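Input: a single structure, listed below in structure tokens.
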Amino acid sequence: MKILVCVKVVKGELNPFDESALECALQLSDDVTVVSMGPKVCENALKPLTRLGAKVILISDNCFAGADTLATSYILSTAIKEMDYDLILCGRQSIDGDTAQVGPMLSQMLGIPLITNALEIQANDGIVFATTRLGEERAELPALVTAERGYVLRFPSIFSKVGEVKILDNQVLGCDVQKCGLSGSPTKVLETFENERGRRKCKFIQMDELLPLVDELINQNNVETQKTYDGTKLKSVWAVGEEVCEKAKEIAEEVILIEKSSPQIIYEKAVAKKPDVILWNADFWGRRNAPIVAAMLSTGLCADCTMLETDGENLIMYRPAQGGNITAKIRCVTKPQMATVRTKSDSFDIIVSGGKGVADKIDKLNELAEKLGAEIGASRGLVDMNKLPYDKQIGLTGKTVSPKIYIAVGISGAIHHTCAIEGSTTVIAINPDKNARIFDYADFGIVENF
Ligand SMILES: Cc1cc2nc3c(=O)[nH]c(=O)nc-3n(C[C@H](O)[C@H](O)[C@H](O)COP(=O)(O)OP(=O)(O)OC[C@H]3O[C@@H](n4cnc5c(N)ncnc54)[C@H](O)[C@@H]3O)c2cc1C
């Protein structure tokens with residue numbers, strides 16, 4: 001079986017999700033080809049992979065620089081159409097862009113079935129079987145599967161030899177340069193700025209004041225509404241699924257609810273009615289299907305937006321970028337303008353949320369939650385350690401929550417986490433590090449070990 005593994009080099013290293021996909025491929029077959037698009041310098045990170053027995057191809061040309069997900073998928077698909085393969089594996093997402101769009105877009109452009117978020121992958125008799133976050137899935141080969149971080153990439157044998165990285169430029173590939181690089185990318189970053197949203201003034205208290213404080217806050221029943229957009233509105237937007245309607249109403253006079261159906265049906269509706277804007281909920285379903293529809297419509301898609309604005313015609317999208325403390329303001333120059341949007345996923349009164357700092361105190365965390373009648377949440381740090389399941393993850397790539405009281409225990413407060421708790425009425429943070437960023441986003445702070 002011939003397997004292609006699409007990998008991205010991020011800051012000189014292989015994207016961890018792609019490492020997992022590569023290890024999976026090496027376990028399934030001894031005919032593995034790594035395909036990466038990036039600048040020539042990526043060769044340094046890719047060359048060692050030849051020691052694992054994989055062939056390695058770097059797709060590199062100046063005209064590819066600055067590609068967004070649609071342009072990247074186009075370039076990769078042009079190259080892959082000339083290759084022989086049974087299965088394509090991609091990492092679920094890259095850890096810098098974190099959009100999870102390239103896998104779905106690529107599958108659409110190649111016209112092959114897609115399975116996303118695979119924890120375990122097997123293939124035989126022309127079928128690929130995957131255990132995903134949704135259960136068991138299967139697809140006929142050739143297919144594309146995106147992998148979670150379920151596999152740990154092996155070390156090369158000490159007897160292995162370093163091979164060559166084959167470089168393909170656009171003279172060989174013949175991509176349409178209008179669809180490549182920065183100029184061929186429909187999503188444009190207009191500006192980036194320091195993220196100040198969600199900051200609160202923190203009052204420090206002692207641990208023994210926590211329970212009486214929670215009692216007092218619950219009795220106050222002080223539900224404040226989150227600041228909403230109140231500028232000029234778009235005439236009409238499409239909202240795919242009920243979850244995103246509320247966000248859509250903030251920026252549009254008319255919201256047209258589109259039923260969650262297959263990408264093909266939504267695509268056909270969009271071609272017939274030509275909406276200016278389509279919004280999707282940034283949940284599992286939206287993150288899987290929106291990129292497919294974007295690829296079908298050849299339009300840009302901004303992932304995981306935390307805020308939307310408009311001048312009445314254009315959609316302006318905001319999302320955290322570059323590791324967190326920066327927010328990027330993005331516009332899509334093609335129509336329909338599409339975005340997956342973070343929406344309020346739950347409506348609990350109290351959430352007790354744990355981070356890496358309490359990885360060895362999960363029982364105590366559960367006890368506190370039980371005592372307060374609270375729901376449990378987690379940072380990605382804790383979920384990545386497999387201490388709590390993914391459906392508990394709160395943050396940019398997890399859920400957005402707006403409880404009356406959010407208690408962050410052992411969480412440092414990265415923007416990827418705090419951007420999803422802005423709607424909480426009161427935030428209480430417990431952390432022994434008085435300089436932890438979480439205190440800038442909390443109303444009450446307890447500088448103690450939990
Ligand atoms: C694109 C992208 C998307 C991301 N999406 C998410 C997301 O959805 N959700 C998310 O949470 N993160 C997300 N992250 C990761 C995020 O940037 C942080 O790495 C993560 O939130 C850190 O988790 P943490 O706060 O649990 O761990 P750490 O940053 O390691 O912090 C642990 C904290 O615990 C404290 N501590 C230690 N001991 C104790 C104790 N005994 N009691 C109390 N506190 C203690 C420490 O002082 C420290 O502040 C994302 C990152 C990227 C790049």
Side-chain angles (χ1 to χ4, degrees), residues 8 10-11 13 15-17 69 91-102 117 133 148-149 195 198 202 204 206-207 210 282-284 287 302-306 318-328 340 342-343 345-346 351-365 367-368 376-401 406-422 424 427-442 444-450:
K8 182 175 182 183
V10 182
K11 291 190 187 146
E13 287 181 20
N15 176 44
F17 288 94
T69 52
R92 179 185 86 190
Q93 61 197 56
S94 62
I95 54 162
D96 54 346
D98 209 52
T99 66
Q101 289 178 3
V102 170
N117 303 73
R133 293 201 182 277
E148 295 282 346
R149 288 169 74 169
N195 196 313
C202 187
F204 289 96
Q206 304 295 316
M207 190 73 91
L210 175 66
D283 59 4
F284 193 94
R287 280 166 71 88
C302 186
D304 295 317
C305 299
T306 50
Y318 293 83
R319 78 177 303 251
Q322 289 174 14
N325 294 333
I326 301 270
T327 293
T340 61
R342 307 301 314 176
T343 58
S345 332
D346 290 310
I351 296 177
V352 171
S353 193
K356 269 161 84 175
V358 292
D360 56 355
K361 295 182 178 138
I362 300 294
D363 288 347
K364 200 171 166 195
L365 194 76
E367 267 169 39
L368 176 63
I376 280 280
S379 72
R380 171 154 151 191
L382 199 64
V383 172
D384 280 355
M385 292 170 83
N386 282 330
K387 295 287 180 181
L388 283 174
Y390 173 71
D391 64 5
K392 300 288 174 207
Q393 183 177 314
I394 290 164
L396 186 66
T397 42
K399 295 188 284 192
T400 299
V401 292
Y406 186 79
I407 307 179
V409 193
I411 293 177
S412 58
I415 176 68
H416 305 102
H417 189 83
T418 55
C419 70
I421 62 170
E422 282 170 9
S424 311
V427 176
I428 304 172
I430 305 173
N431 195 312
D433 174 5
K434 69 176 183 346
N435 297 317
R437 186 176 184 276
I438 190 73
F439 291 125
D440 293 333
Y441 294 80
F444 295 93
I446 300 172
V447 185
E448 283 180 51
N449 276 312
F450 179 63

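For ligands, and for the atoms within them, numbers begin at 1 and follow the listed sequence. Everything quoted here is computed from the prediction, not taken from an experiment. Scope of the values below: all heavy atoms of this structure, side chains included, with no hydrogens, waters or symmetry mates.
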I need the atoms of ligand 1 closer than 4.0 Å to a non-hydrogen atom of [X], numbered in the order shown.
{"X": "Ala414", "result": "16 (C), 17 (O), 18 (C)"}
{"X": "Asp433", "result": "47 (O)"}
{"X": "Gly355", "result": "26 (O)"}
{"X": "Lys361", "result": "41 (N)"}
{"X": "Ile394", "result": "7 (C), 8 (O), 9 (N), 10 (C), 11 (O)"}
{"X": "Gly381", "result": "23 (O)"}
{"X": "Ile411", "result": "25 (O)"}
{"X": "Asn449", "result": "39 (C), 40 (C), 41 (N), 42 (N)"}

Atom CD of Glu13: over 12 foreign heavy atoms under 6.0 Å: no
Got a second to check how far [X]'s [atom1] is from [Y]'s [atom2], nearest 0.5 Å?
{"X": "Ser353", "Y": "Ile438", "atom1": "OG", "atom2": "CD1", "value": "8.5 Å"}
{"X": "Gln101", "Y": "Ser94", "atom1": "CD", "atom2": "OG", "value": "10.0 Å"}
{"X": "Cys202", "Y": "Phe444", "atom1": "SG", "atom2": "CZ", "value": "8.5 Å"}

Any N or O on Asn431 sitting closer than 3.5 Å to an N or O of ligand 1?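 Yes, Asn431 has an N/O under 3.5 Å of an N/O on ligand 1.
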Does ligand 1 come near enough to Phe450 that some N or O of the ligand is less than 3.5 Å from an N or O of the residue? yes
Between the candidates [options], which shows the shortest non-hydrogen contact distance to [atom]?
{"atom": "atom 2 (C) of ligand 1", "options": "His416, Lys399, Lys364", "value": "His416"}
{"atom": "atom 7 (C) of ligand 1", "options": "Arg437, Gln393, His417", "value": "Gln393"}
{"atom": "atom 37 (C) of ligand 1", "options": "Gly357, Cys419, Ser353, Gly395", "value": "Gly357"}

For ligand 1, is there an atom lying under 4.0 Å from some heavy atom of Gln93?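 No, Gln93 has no heavy atoms under 4.0 Å from ligand 1.
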Would you check if the side chain of [X] reaches a backbone N or O of [Y] as a donor-acceptor pair within less than 3.5 Å?
{"X": "Lys399", "Y": "Asp391", "answer": "yes"}
{"X": "Arg437", "Y": "Gly413", "answer": "yes"}
{"X": "His417", "Y": "Ile394", "answer": "yes"}
{"X": "Asn15", "Y": "Gln93", "answer": "yes"}

For ligand 1, is any non-hydrogen atom under 4.0 Å from Ile415's backbone (N, CA, C, O), its side chain (CB onward), both, or neither? neither
Please state which part of Ser379 comes within less than 4.0 Å of ligand 1, counting heavy atoms only: side chain, backbone, both or neither.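 Contact part for Ser379 vs ligand 1: both backbone and side chain.
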Cation over ring face, Lys364 and Phe450, 6.0 Å, 45°: yes
Which heavy-atom pair separates Ile446 from Phe204 by the least distance, and what is that distance? N-CD2, 4.5 Å
